[in-house]
Amino acid sequence: MRKQLSLIPLLLLGACTVGPNYAGPPQGVGSAATPPAGFVRADNTLATTAPAVADWWTTLNDPMLTWLEERALASNPNVAVAQARLKQARSALRLERANQAPNANASATYLHADLPGLNLGGQSGEGQGGANGGAASDGNSGGQSLNFFNLGFDASWEIDLFGGRRRTVEAARANAAAAEANVADAQVSLSADVAQAYVGLRDAQQRLILAREASRMQRDTLNLTEQRFRNGTASQLEVERLRNQVESTDAQILPLSASVETYLNALAILIGEAPGTLDQRLGQAAPVPLPPAQVAVGDPTALLQRRPDIRAAERNLAAQTARIGVAEAAKFPRLNLMGIIGIGGTSLDALTDLDNLVTVGAPMLQWNVLNFGRANARVGQAEGARDEAEAQYRGAILSALRDAEDSLSRFRARRNTVATLARAKASADRSAALMQQRYRAGAATLIDTLDAERQRVSAQQSLSQAVAGLTNDYVALQKALGLGWRASQS
C-alpha cells in the first residue's frame with residue numbers, strides 16, 4: 001500500500017490539461033483584418049464620441065418615458081426570465097467548482113438484532129452464546145441478542161490528471177458570462193420596445209387630435225357648400241366630393257382610437273402590469289419626444305465590444321472550445337482516491353478503544369482502453385460544435401454592423417424628410433394666415449379659407465407622422481448600437 005501511495009505524487013506531477021486553450025475570438029470582419037475605423041453610413045452631423053451605455057432614453061427628455069423604462073427594467077417578465085437563467089448558470093458554475101473538491105461522508109450506526117437459536121448436533125443454546133462475544137443468550141428461546149455500534153468516515157477524490165474537470169469549470173464559467181450578456185441583451189430589446197410603443201402612443205394621440213380637427217373643418221366646408229348648392233351657386237358634384245372627404249376622414253378616427261388603446265395595452269404589459277393599468281396616467285395626449293440635436297455613435301470597434309449579443313456569442317465560443325478538452329480527457333485514465341476510517345464494536349465502550357479502529361486506503365486507476373472509437377467521435381462532435389459557435393460569432397458581428405449601418409442610413413434620411421416637411425408645414429401656415437387676411441379684407445371666400453386651414457392641418461399631420469418616424473429611427477439606432485443595458489449584480 002505504501003508503495004502504491006508513493007506513485008500518486010508522480011502522477012500529479014505528470015497531470016496536464018488536454019484540449020485547445022481558448023485564445024480569444026477570431027479577429028477581423030469578413031476579409032478585413034480589423035473592423036472599419038468608422039461607420040460607412042454616418043455623416044458629419046453624428047458625433048464619433050462613445051455613447052453612454054445605460055439610460056439612453058433620458059436624451060429624449062421625457063419624464064414619462066423615463067418612468068416607463070425604469071418600471072419595465074424592474075418588472076418585465078422577459079428580463080426576469082433572463083435573470084433566472086443567469087442565476088442557474090452561476091449556480092452551475094459553483095457546482096462544477098465544488099465537484100473538484102473531495103467528497104466526504106460521516107456516519108453513525110447502531111444495530112440491534114434478535115437471532116434465533118441454532119441447535120446443531122445437540123449443542124445447547126448456552127454453548128452457542130458462549131461462542132459469540134457481545135451476544136446475549138435468551139434462556140427461554142435459545143436465541144441471542146446482538147448490539148453493534150459504529151462510527152465511520154469515508155472520503156473520495158478524483159484526481160484531475162488530464163484537466164477534464166478544469167475544462168468543465170472553464171465551460172461553466174463561459175456559460176455564466178454568456179447568460180449575463182443575455183440579460184443585457186434582453187434589457188436592450190426591452191428598452192427599445194418600451195420607447196417605440198411610447199412613441200407610437202404619442203403619435204396616435206396626436207394624429208387622432210389632428211384627424212378630429214380636419215373632420216371638423218371639412219364638415220364646416222361641407223355645410224357651406226350645401227348652402228351654396230341650395231342657393232344654386234355650387235354643384236351637386238362639389239357637395240358629393242366634400243362629403244366623401246368627410247367620410248374618409250371620419251373613417252380614420254376609429255382605427256386611431258383603437259391604436260391608442262393598443263399602445264396603452266402594450267406599455268402596460270411591458271412594465272409587467274395588466275392592460276388598462278396605464279389608461280389614466282397616459283390617456284392625456286402629449287407631444288412625441290424629439291431626438292437630441294447631436295447623436296453620439298462611437299465607432300464599429302466599440303460597437304462590437306459593447307453589444308450584448310456579440311459578447312454572448314463570444315462566450316458561447318469559449319464554452320464550446322473548453323468542451324473539446326472535456327471530450328479529450330475522457331480518452332485517458334481516471335485516478336480516484338478513496339479512504340475509510342471506522343471504529344465500533346458491540347458496546348459503547350468500543351467506540352473509544354483505538355484497537356478497534358479500522359482504516360482503508362484505496363487508490364483506483366480506471367481506463368477504458370477499448371473506448372477510443374467512441375471517445376474520438378465525441379471529440380469530433382465537440383470540435384464541430386466549436387466550429388458552429390465560431391460561425392455564429394462571425395455572423396453576429398456582421399449582423400450587428402449591418403444593423404448599425406441600416407439604422408444610420410434610415411435616421412439620416414428621416415431627418416432630411418422631417419426638415420422638408422417642416423418647411424412644407426411652415427409654408428402651409430403662411431398660406432393659411434394670408435388667406436385669413438384676405439378673408440377679413442373680403443378678397444377671399446370662407447370656403448377658400450377653410451380649404452387653406454385643411455391644407456395646414458394635413459401638413460401638420462404629415463410632419464407629426466414624420467417626427468414620430470424620426471424618433472423611432474433614433475430608438476432603433478440606440479438598439480443597433482447595443483445601448484440600454486446595465487451590469488448584472490453578482
Side-chain angles (χ1 to χ4, degrees), residues 60-62 198-229 231 233-260 263 282-291 293 411-474:
L60 293 173
N61 295 317
D62 192 312
Y198 181 76
V199 170
L201 171 66
R202 295 313 190 195
D203 177 44
Q205 289 174 333
Q206 292 296 320
R207 287 194 289 138
L208 182 59
I209 292 173
L210 293 171
R212 286 170 175 165
E213 184 179 354
S215 176
R216 178 185 59 78
M217 288 187 297
Q218 287 172 0
R219 286 186 183 278
D220 291 342
T221 305
L222 175 61
N223 292 335
L224 290 172
T225 305
E226 287 176 339
Q227 292 177 12
R228 293 177 57 213
F229 172 71
N231 294 330
T233 58
S235 66
Q236 181 70 33
L237 180 60
E238 290 178 285
V239 172
E240 292 302 327
R241 179 176 60 83
L242 289 172
R243 184 176 288 118
N244 180 264
Q245 288 181 355
V246 170
E247 295 296 337
S248 297
T249 302
D250 289 346
Q252 298 174 6
I253 292 177
L254 290 178
L256 284 173
S257 297
S259 294
V260 169
Y263 284 121
L282 298 177
Q284 188 69 30
V288 174
L290 290 173
F411 183 67
R412 184 185 68 247
R414 186 82 68 171
R415 190 164 48 188
N416 293 333
T417 300
V418 168
T420 301
L421 291 175
R423 290 192 294 269
K425 167 63 168 55
S427 177
D429 289 342
R430 290 191 297 269
S431 295
L434 290 172
M435 192 62 70
Q436 283 285 351
Q437 293 176 7
R438 293 186 63 195
Y439 174 71
R440 286 193 293 268
T445 64
L446 180 58
I447 290 181
D448 293 335
T449 304
L450 290 174
D451 188 62
E453 283 294 323
R454 182 187 59 80
Q455 293 178 6
R456 181 189 64 79
V457 172
S458 177
Q460 177 62 47
Q461 288 176 320
S462 298
L463 178 59
S464 176
Q465 202 164 356
V467 167
L470 176 64
T471 304
N472 272 326
D473 287 340
Y474 174 76

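Note that the structure is a prediction, hence the values are computed from the model and not measured.
Ser259 contributes a side-chain N or O that, together with a main-chain N or O of Pro255, makes up a donor-acceptor pair within less than 3.5 Å. At distances below 3.5 Å, at least one donor-acceptor pair connects side-chain atoms of Asn231 with backbone N or O atoms of Gln227. The backbone N or O of Ala413 sits less than 3.5 Å from a side-chain atom of Thr417, completing a donor-acceptor pair. Judged by distance alone, with hydrogens and angles left aside, the side-chain atoms of Gln205 form a donor-acceptor pair with the main-chain N or O of Leu282 at under 3.5 Å.
Take Arg423 and apply the side chain to side chain donor-acceptor pair (under 3.5 Å) test, not counting sequence neighbours, and it matches Thr420. Applying the side chain to side chain contact (heavy atoms under 4.5 Å, CB included) test to Glu240 and every residue at least two apart in sequence or in another chain returns Gln236, Arg243. Every residue two or more places apart in sequence or in another chain that forms a side chain to side chain donor-acceptor pair (under 3.5 Å) with Asp62 is listed here: Tyr198.
Side-chain contact between Gln461 and Glu213 is absent, with no heavy-atom pair separated by less than 4.5 Å. Looking at Leu201 and Val260, their side chains come closer than 4.5 Å, going by heavy atoms from C-beta outward. Within the 4.5 Å cutoff, no side-chain heavy atoms of Pro289 are placed close to those of Asn61.
To the nearest 0.5 angstrom, Gln455 atom CD is 8.0 Å from Met435 atom CE. Considering CZ of Arg219 and CG of Asp250, their distance stands at 4.5 Å, rounded to 0.5 Å. Between the CG atom of Asp429 and the CG atom of Leu434 there is a distance of 11.0 Å, given to the nearest 0.5 Å. Asp473 CG to Arg415 CZ: the interatomic distance, rounded to the nearest 0.5 Å, is 10.5 Å. Atom CG of Asn416 and atom CG of Leu421 lie 11.0 Å apart (nearest 0.5 Å). Note that the OG atom of Ser458 and the NZ atom of Lys425 stand 11.5 Å from one another [nearest 0.5 Å].
The two residues Thr471 and Leu60 have their closest heavy-atom pair at CG2-CD2, 4.2 Å. Taking each heavy atom of Val457 and Leu210 in turn, the nearest pair found is CG1-O, 3.6 Å.
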